[in-house]
2 protein chains.
Amino acid sequence: MLPFTVEFRTGLSLYQQLVYAVQKAIVSGQLLPGDRFPSVRKLSQELRINPNTAQKVVTRLVDQGLLEVKPGVGTMVARLPEASPRERSALLDHEAEALVVEARRLSLTLGQVQQAVQDHWNGLSEVSVNARENPGKEGSK
Amino acid sequence: MLPFTVEFRTGLSLYQQLVYAVQKAIVSGQLLPGDRFPSVRKLSQELRINPNTAQKVVTRLVDQGLLEVKPGVGTMVARLPEASPRERSALLDHEAEALVVEARRLSLTLGQVQQAVQDHWNGLSEVSVNARENPGKEGSK
DNA sequence: CATGTGTACTAGTATTCATAGTACACATAT
DNA sequence: ATATGTGTACTATGAATACTAGTACACATG
């Protein structure tokens, strides 16, 4: 029973997809700062992957500041760290450009791209709202 | 003397970056259908890479329908092929989402993302306009 | 014929990814 | 003190990918 969902697809490495799934769960509010995060042994069991692969996922997310660990205790979701201006401009300069190049290659329109961006933005915000209702239910257990 | 520019950065494979640079040159109009594309030997010389790596770039672009080759003659830029609905929805569903997730992780705003998308969109269109003027200059040589 | 083109190989090295297994230190519950 | 669960660090292996080097052949053109 993991607090995030992941559908494995071909073309991307397992650990990349897992890192992304957790990032998504965090930015959407499905996972909140202070929440307990499953141990690498639980991750590897549930996902049927090697513990070292699970550990690699956690290490990457720790490096990004999304998770924090206490040796012997476990892992929990951290507060979203302040992003560096460098990272931000890299996304706006490079990743956004790559999306646009790809969109133009597929003959999509600017409007379609912007609409998709907005839809995803709103979709993640809706999850955030739902997530705040669900923790209340869990608190009653 | 290549008809596209590429700045190699770490983190991505050489051939990926080259494929992207050519995609960008094509969608921006810097390279037009029918234009001659450099041979793999020229690519490897200019870029100081192995000819097999250059060939891999060309093969990938041919697979995408952006280039077409005539054995013994050479390679030229193809007409932008009709993109499959599958590719399109994949970009709008997955790549756009990934950009949004990353943007939210970096605490960027929807407005900033959409502004960046539009800027890049416009930036590529401006290149297209300039490219149409430059061929005229080259014609006079 | 000489030159330039794409293409297909073989072979090698380095890196990444994922796995398997082991073991230790730390923390908590019984 | 013991049992259980935690993170962490290793070694080793194999597969896949990336990139290089070199060679050779067929095709096209001057």
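Reminder, nothing fancy here: chain letters follow the sequence lines and each chain counts from 1. Just the heavy atoms: all of them, side chains too, but no hydrogens, waters or symmetry mates, feed the values below.
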Where chain B begins and ends its contact with DNA chain C, read 5' to 3' at 4.0 Å from heavy atoms: C/dG4 to C/dC9

B/M76 CE to D/dT29 P, straight-line distance once rounded to whole Å: 11 Å

SB check A/R79 A/E68 (cutoff 4.0 Å): no

More than 12 heavy atoms from other groups under 6.0 Å of CZ on B/R60: no

B/Q112 (side chain) donor-acceptor with B/T109 (main chain) under 3.5 angstrom: yes

5'-most by nearest nucleotide on DNA chain D - A/P38 or B/K70: A/P38

Single-linkage hydrophobic cluster B/V6~B/V19, side-chain heavy atoms < 4.5 angstrom: yes

Touch class at under 4.0 angstrom, heavy-atom based, for B/V69 against every strand present: sugar-phosphate

Rounded interatomic separation in angstrom, taking CZ from B/R36 and C1' from D/dT29: 11 Å

Approximate separation, where rounding is to 0.5 Å, of A/F4 CZ and A/Q23 CD: 11.5 Å

Check: B/E95 side chain, A/L99 main-chain N or O, donor-acceptor pair, under 3.5 Å: no

Nearest-angstrom distance from the residue atom CD of A/Q16 to C1' of D/dT17: 13 Å

Contact list for DNA chain C against residues 43-52 of chain B - heavy-atom distance below 4.0 Å: B/N52

Short side-chain to backbone donor-acceptor contact, A/H120 and B/L92, under 3.5 Å: yes

Sugar-phosphate only, base, or nothing, as touched by B/T59 at under 4.0 Å among non-hydrogen atoms: nothing

Non-hydrogen atoms of B/R104 and A/L80 that approach each other most closely: O-CD2, 3.8 Å

B/R36 atom CZ, over 12 foreign heavy atoms within 6.0 Å: yes

5'-most by nearest nucleotide on DNA chain C - A/V73 or A/K56: A/K56

Sugar-phosphate only, base, or nothing, as touched by A/T53 at under 4.0 Å among non-hydrogen atoms: base

